[in-house]
Amino acid sequence: MAKIIDGKKIRDYNLEIMKNEVSALKEKGVDTCLAVIIVGDDPASRVYVNNKKAACEKIGIISREYALPAETTTGQLLELISQLNADSSVNGILCQMPVPKQIDSQLVLDSILPEKDVDCFHPVNVGKLSIGSGVFMPCTPMGIMKMLEYEGVDVAGKHCVIIGRSNIVGKPMAMLMLAANATVTVCHSKTKDLAAITKQADILIAAVGKPKFVTADMVGDGAVVIDVGMDRDENGKLCGDVDYGDVEPKASYITPVPGGVGPMTITMLMRNTIAAAKEQNNIEK
Ligand code: GUN
């Protein structure tokens with residue numbers, strides 16, 4: 001039987017610490033502020049943005065929402081970002097993805113000042129991450145590292161297999177695992193004999209975006225299984241990339257969906273926003 005890693009409990013533990021950090025900043029005259037941009041009316045994006053604002057409120061970070069209509073142009077969005085870049089009362093800026101298709105999303109991500117890029121999506125911050133010198137950490141991968149740390153799972157020397165090579169999860173996850181001295185394999189849709197590789201994992205991270213993709217025959221006995229998926233099953237019910245019922249008996253630790261990795265992503269966004277406020281005000285970490 002696997003130990004279930006409770007993302008909500010670990011989120012609450014971390015947010016409590018951050019609440020004190022935000023108060024300490026306030027005492028030094030710094031109001032921590034996050035600007036959140038949402039373009040259009042994608043329902044999932046709306047839920048994510050509301051959750052991000054709620055997390056800010058919980059720990060005393062000021063959140064400013066900028067909701068733009070679906071027909072917004074790249075130029076209009078860049079103009080808003082330029083204003084927020086120049087606004088010294090704004091410490092962090094995030095533009096909820098995906099944006100409507102007429103907008104050049106890479107241009108948008110590139111236009112957010114690296115110093116305010118709390119998503120850690122800007123090429124400068126991605127580069128810094130790869131050489132281990134960044135202030136910001138990629139939110140979902142860092143959330144996973146925090147979960148493993150909380151549970152006392154030592155990753156040094158372990159074989160970490162990641163399924164998925166996205167810019168948001170797979171690639172930055174590999175960087176953080178390497179920095180923590182894991183041996184890393186990144187698999188993807190073109191990988192041959194996937195199950196033979198995933199079975200070797202001490203730590204298996206599924207970030208594929210396919211419901212219940214990882215089954216028991218792909219998992220070695222006692223593996224730590226981390227599920228980044230947010231999918232819908234055949235009945236429209238929320239599920240992950242891991243077939244939880246099938247895999248759980250084989251795993252030593254497993255994250256549920258919902259209530260696993262999801263809450264940690266937003267928690268790390270808060271971490272990055274506080275880090276931005278400290279950096280911009282020359283306050284020691
Ligand atoms: N869309 C899905 N995940 C994310 C995220 O972490 N940040 C932003 N900005 N958009 C997203």
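We count residues from 1, following the sequence as given. Numbering of ligands and ligand atoms starts at 1, following listing order.
- Heavy-atom distances between Lys52 and ligand 1 reach below 4.0 Å in at least one pair.
- Other residues, nucleotides and ligands contribute more than 12 heavy atoms inside 6.0 Å of the NZ atom of Lys250.
- Under a 4.0 Å heavy-atom criterion, Cys95 is in contact with ligand 1.
- The contact set between ligand 1 and Leu94, taken as ligand atoms under 4.0 Å from a residue heavy atom, comprises 9 (N).
- The shortest non-hydrogen separation linking Met147 to Gly260 is CE-O, 3.2 Å.
- For atom 1 (N) of ligand 1, the nearest protein heavy atom (residue, atom name, distance) is Met97 O, 2.8 Å.
- For Asp87 and Gln83, the side-chain atoms include no donor-acceptor pair closer than 3.5 Å.
- At least one heavy atom of Phe121 sits closer than 4.0 Å to an atom of ligand 1.
- Neither the backbone nor the side chain of Pro98 has any atom closer than 4.0 Å to an atom of ligand 1 (non-hydrogen atoms only).
- In summary, Asp31 and Lys26 engage in a salt bridge, as defined by a charged side-chain N under 4.0 Å from a carboxylate O.
- Shown here is Lys53, whose NZ atom has more than 12 heavy atoms of other residues, nucleotides or ligands within 6.0 Å.
- Shortest contact from atom 8 (C) of ligand 1 to any protein heavy atom: Asp119 OD2, 3.5 Å.
- A salt bridge links Glu65 to Arg46: at least one charged side-chain nitrogen sits closer than 4.0 Å to a carboxylate oxygen.
- At a 3.5 angstrom cut-off on N or O pairs, Gln96 counts as close to ligand 1.
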